[in-house]
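Below: one structure, written as structure tokens.
Side-chain atoms are counted along with the backbone in the values below, which use heavy atoms only and exclude waters and symmetry mates.
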Amino acid sequence: MRPEILNPLFAPVTVLPGVGARIGKAIERCAGPLVVDLLWHLPSGVIDRRFAPKVAEAPAGAIATLTVRVDSHLPPPTPRLPYKVQCSDETGTLALVYFHARERYLRELLPSGEVRVVSGRVERFGEEIQMVHPDHVAPHEELASLQTVEPIYALTAGVTLKPLSRAIRAALERAPELPEWADPAYLERQGWPPWRRALATAHEPQDEAELRPESAARLRLAYDELLANQLALALVRARMRRSPGRALEGDGRLRRQVREALPFSFTESQTR
């Protein structure tokens, strides 16, 4: 019987904020139908947004977080061309490029004359420095709240990184502090954190090293999984041993039919 403390983890993912029926179905295909499934959907990579150069110093191909002033909006003459928002700092200009854009939304997101923090991959198109569909756009006063190291998760059709990451963070908030079940001395020798902290650390890697299976957080979670499997097998075996056996006694009817169907008589050894 499941302890009540675990019930919040065995609820459907649709109980999480922002997860409706449509996104819930996509998350189910990606990770599983329950909140607990999201806890074990661990990151496969990280995006490091800590690189924050001036515009002119941002190399092509780098993920960068830039603080710029919004100068002007350049709607395209035809819908097939991209919408551009010209921005700048004291070193140069940056074009934010959007395809299939909604002008009203972009003007609200990037008001002319305001300072914004934008984060994404820097590109060069001729002499122009560009950022196509920035991953994050926020007012300058929200810079401190920007997730500078962002975990990357395996995705599926119908769900993108942002809603999946929000759902996983909400799932982590439901994870309770559980009594320690592993031997404290063994945990201390291994240098492993408690279960809940290990889970949070695994979902908040600060570099590629923390994604490796031999990192302390992931080793702790792997140990818990192995221990849980072995305990479950031990309980099943113990229950089977306690169950009475069932005697199977025959009346010899089928044996006689076989012997009578054979065109020879058995020797004494064959009979035995």
Side-chain angles (χ1 to χ4, degrees), residues 18-20 22-23 26-27 30 43-169 204-208:
V19 180
R22 183 181 61 81
I23 294 180
I27 289 178
C30 182
S44 57
V46 294
I47 297 177
D48 192 339
R49 302 188 185 279
R50 288 176 288 195
F51 182 45
K54 297 296 184 182
V55 169
E57 299 165 353
I63 299 292
T65 300
L66 307 176
T67 300
V68 294
R69 184 184 65 253
V70 180
D71 295 326
S72 61
H73 284 245
L74 303 175
T78 67
R80 290 176 295 179
L81 295 176
Y83 188 108
K84 291 187 177 183
V85 183
Q86 291 296 126
C87 305
S88 64
D89 66 6
E90 63 271 24
T91 69
T93 60
L94 171 73
L96 305 181
V97 180
Y98 293 88
F99 292 90
H100 309 292
R102 290 180 290 131
E103 182 175 354
R104 180 177 177 182
Y105 167 76
L106 289 179
R107 288 189 180 276
E108 292 176 354
L109 181 68
L110 293 153
S112 295
E114 295 290 326
V115 174
R116 288 291 182 265
V117 175
V118 296
S119 185
R121 189 173 299 280
V122 177
E123 299 178 4
R124 299 268 177 169
F125 187 75
E127 296 298 317
E128 187 175 60
I129 302 174
Q130 295 184 344
M131 188 178 287
V132 179
H133 285 276
D135 299 323
H136 295 278
V137 177
H140 185 258
E141 55 269 21
E142 296 180 14
L143 175 60
S145 63
L146 178 68
Q147 193 172 13
T148 53
V149 181
E150 188 174 0
I152 302 300
Y153 296 94
L155 302 173
T156 191
V159 62
T160 57
L161 184 59
K162 283 185 180 180
L164 179 62
S165 297
R166 282 197 299 269
I168 289 173
R169 287 196 296 271
E204 297 173 358
Q206 295 304 300
D207 52 43
E208 294 286 343

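Nearest heavy atoms, Pro139 versus Val117: O-CG2, 4.3 Å. Looking at every heavy atom in both residues, Ile23 comes nearest to Gly18 through CD1-O, 4.1 Å. Across Leu161 and Pro151, no two heavy atoms sit closer than the pair CD1-O, 3.9 Å.
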Evaluation steps, side chain to side chain contact (heavy atoms under 4.5 Å, CB included), between Val132 and Phe125: CA-CA 11 Å; Val132 179; Phe125 187 75; over 6 Å; no

Derivation of the side chain to side chain contact (heavy atoms under 4.5 Å, CB included) call for Thr93 and Val55: CA-CA 7 Å; Thr93 60; Val55 169; 5.9 Å; no

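A side chain to side chain donor-acceptor pair (under 3.5 Å) with Arg49 holds for exactly one of Thr148, Asp135, Thr65; it is Asp135. Of the residues Arg124, Arg121, Lys84, the one that meets the side-chain contact (heavy atoms from CB on, under 4.5 Å) test with Gln130 is Lys84.
By the 4.5 Å heavy-atom criterion applied to side chains, Thr67 and Val115 are counted as neighbours. Side chains of Ile129 and Val122 form a contact here, defined as non-hydrogen atoms less than 4.5 Å apart.
Annotation: side-chain hydrogen bond (donor to acceptor under 3.5 Å, both in side chains) contacts involving residues 156-166, sequence neighbours excluded, are absent.
Ala26 pairs by the side chain to side chain contact (heavy atoms under 4.5 Å, CB included) definition with Arg29, Val159, not counting sequence neighbours.
Note that OH of Tyr105 is 12.5 Å distant from OH of Tyr83, once rounded to the nearest 0.5 Å. To the nearest 0.5 Å, atoms NE2 (His73) and SG (Cys87) are separated by 7.5 Å.
Side-chain atoms of His136 do not come within 3.5 Å of backbone N or O of Gln147 as any donor-acceptor pair.
Under a cut-off of 6.0 angstrom, the local environment of CZ in Arg22 is sparse, with at most 12 non-hydrogen atoms contributed by other residues, nucleotides or ligands.
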